[in-house]
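Structure first, then comments.
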Amino acid sequence: MASFQRLALILMTSCAGAALSACDGANDIASPGTGGNVIINNPAPTPAPSPTPTPGATLVTPATGCPTIADPKGLTDDGTITGPTGTWRVCTLPSIISRSVELPKIAGLLYQMRGRVDVGCDSGFSAPTSAAPRTTSTVGCTTANGFTLNGSGQLSADTNVTLTIQPGVILFGGTGTSWLAVNRGNKISAVGTAVAPIVFTSRDNVLGISNDGSFGQWGGVVLMGRGRITDCNSGSTAANTCERQTEGAADPATFGGTDDTYNAGAMKYVQIRYSGYVLGSNVELQALTAEGIGSGTTLDYVQSHNSSDDGMEFFGGTVRFKHYIATGADDDSLDIDTGLQGLFQYVLLVQRTGQGDALMEVDSNGNEGDTPRQVTKVANFTAIQSQSSSNNEANDQASILLRGNADLTLVNGLVISPNNECLRMNGSGTTPATLTARSVVLQCNATKYIGTGTYTAAQIATAFGSGANNNNDSFVNSLATLFVNGATETAVTATDLKTLDTTGFFDTTTWIGAVRNAQDTWYAGWTCNSGYAAFDNATVTGRSCTSLPTT
């Protein structure tokens, strides 16, 4: 959890400010950074352009009105908003979407979330039936708002609402506390394309007043599912009745169940910018919060940019995720927790200079009596922390933090963090956290490892096993244009992922890292560019994170 000092700093910061922040973990305490700067050995990225259009650029003109959608409350025409890209029509979503709707891409039109927007009602731990109906926990799920309830005011089936978002659509949080809640028994279908990504962003971004230091300007996207979780707020893992409340939600926003294949929908070719607003004491949302979602959910090609909390956080469930990019997270770039069964491949984590906490935080709060035990595998990753951060928390002090009831496997990866320790592991509990590493290289400071609890630094070094299984903790990178493999990366022998996972999810690769070479451009076209991480031609109109796509 964030300290009081961190919370106060964020609450005092302006919309475009760059206050220090750090969040998450039951006992985390904010602390100053650890010293001087060591710059990574690669060329500086091309700076992102100013959001001001180039002379002669065509400005956006507003759409004439808002489209009709299937929801009975419809969209509200809230006039226009003007920024450096032009003037846009603003169409505001209803606070509760009670029917499956599609948001079409219309030139000159933005969709606004004003406060929390619920997709359907929370339909409970398992699908309700006429024989076993239940009262929804979602505030406002009533017949007056378009929902079908029985005579006792209860749901007798999932509300089955799907929010479909067409490629190229831009949605923004109209207030700091705006967020999208996809409740259990409902879905999102946000499937963009490589040339027309879907963008979730903030009002300040629309107005052109966001910059490379901006964060925390709206809430984010939350997917709630019925997968197994631990660390229950109600029920128990022993009785298979475990449920939790969404971190940062003032009203009930519940997740958990027993369906590890649960399908919360699909998010593909999506950017989520400037998210992570503080919603309560010591609680924040991040760009994407996935809670008890199952293997039926599609997550692919998603970028988190400048989230004031974690880049993304995963609470339990069974997650399958390819092509994840986190740029500029103010806390952890990847945070996984509460019994997650996770597989991640092609992961690119880049923190802002002097900002951010751990590149990865992996734990389950040490609740050894809870099952499932967290088991996560991360493959083909490049994790970059160029300088020490004033946000690095006292309990972390390393680029990767592993603790609690958790087992982590790292395969075919690079951790480039020359001014920080690379790996911290906590040995508390009867069966402490464990690490398996194959074809992983580390570029860290002289300390390299921190052991706490019953673990010593020497034991962590042994667990990593430099010199065995193609691992190397004395690596010197030759990365080009920040994150593209060079000669020393290419020389590392990769590990066959099939030997470590039999689900069939992982692609077989013959290289380590997220980006094989200059011809491997999976990250380009659908992402946005910043001054510290440029993914492609930053001069293309609308490709800067501080601007908006205009086509």
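The analysis underlying the following values was restricted to heavy atoms, covering all of them including side chains, and did not include hydrogens, waters or symmetry mates.
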With respect to M312, which candidate in S304, S307, S275 satisfies the side-chain contact (heavy atoms from CB on, under 4.5 Å) definition? S304
Are the aromatic rings of Y523 and Y346 close, with centres under 6.0 Å apart? no
Please identify each residue that fulfils salt bridge (charged side-chain N to carboxylate O under 4.0 Å, His left out) with K377, with sequence neighbours left out. none
Please table the atom pairs, donor to acceptor, closer than 3.5 Å between any side-chain atom in residues 487-495 and protein atoms at least two apart or in another chain.
residue: T488; atom: OG1; partner: V476; partner atom: O; Å: 3.3
residue: T488; atom: OG1; partner: S478; partner atom: N; Å: 3.3
residue: T488; atom: OG1; partner: S478; partner atom: OG; Å: 2.9
residue: E489; atom: OE1; partner: S478; partner atom: OG; Å: 2.8
residue: E489; atom: OE1; partner: G486; partner atom: N; Å: 2.7
residue: E489; atom: OE2; partner: S478; partner atom: N; Å: 2.9
residue: T490; atom: OG1; partner: G486; partner atom: O; Å: 2.9
residue: T495; atom: OG1; partner: S439; partner atom: OG; Å: 2.7

For the pair Y532 and H305, name the ring-plane relationship: parallel under 30°, tilted 30 to 60°, perpendicular over 60°. parallel
Residues two or more places apart in sequence or in another chain: which of them pass side-chain hydrogen bond (donor to acceptor under 3.5 Å, both in side chains) with Y449? D473
With a 4.5 Å heavy-atom cut-off, do L423 and V415 have their side chains touching? no
Mind listing the closest non-hydrogen atom pair of V362 and A406 along with its distance? CG1-CB, 4.0 Å
Plane angle bin for F314 and Y324 - parallel if under 30°, tilted between 30 and 60°, otherwise perpendicular: perpendicular
Does the side-chain hydrogen bond (donor to acceptor under 3.5 Å, both in side chains) test come out yes or no for T289 and Q286, once each step is laid out? CA-CA 6 Å; T289 307; Q286 40 273 312; 2.7 Å; yes
In Å and rounded to the nearest 0.5 Å, what is the CE to CD1 distance from M425 to I460? 4.5 Å
Taking the side chain as every heavy atom from C-beta outward, state whether L414 and N485 have any pair of such atoms under 4.5 Å apart. yes
Are the side chains of C422 and I400 in touch, meaning some heavy atoms are under 4.5 Å apart? no
Is there any disulfide (SG to SG under 2.5 Å) pair reaching into residues 295-324, and which pairs are they, with sequence neighbours excluded? none
Are more than 12 heavy atoms, taken from residues, nucleotides or ligands other than R203, located less than 6.0 Å from that residue's CZ atom? no
State, with a plain yes or no, whether a side-chain heavy atom of Q341 is found less than 4.5 Å away from one of D260. no
What distance do T409 atom OG1 and L500 atom CG have between them, rounded to the nearest 0.5 Å? 6.5 Å
Run the side-chain hydrogen bond (donor to acceptor under 3.5 Å, both in side chains) test against S333 and tell me which residues pass, sequence neighbours left out. Q351
Going through the checks in order, is the side-chain contact (heavy atoms from CB on, under 4.5 Å) test met by L180 and I188? CA-CA 10 Å; L180 183 68; I188 188 172; 3.9 Å; yes
Go through the structure and list residues passing side chain to side chain contact (heavy atoms under 4.5 Å, CB included) with E243, not counting sequence neighbours. F125, R184, S234, T254
Report the C-alpha separation of R244 and D231 in whole Å, then their side-chain angles, then the decisive distance to 0.1 Å, and conclude whether the salt bridge (charged side-chain N to carboxylate O under 4.0 Å, His left out) test is met. CA-CA 8 Å; R244 284 179 59 89; D231 303 85; 5.2 Å; no
Could you go through L288 and L299, starting from their C-alpha distance and side-chain angles, then the distance that decides it, and tell me whether this counts as side-chain contact (heavy atoms from CB on, under 4.5 Å)? CA-CA 11 Å; L288 176 65; L299 296 174; 4.2 Å; yes
K322/D300 salt bridge by N-O under 4.0 Å criterion: no
Find out whether T452 and R403 are in side-chain contact, i.e. whether some heavy atom of one side chain is under 4.5 Å from a heavy atom of the other. no
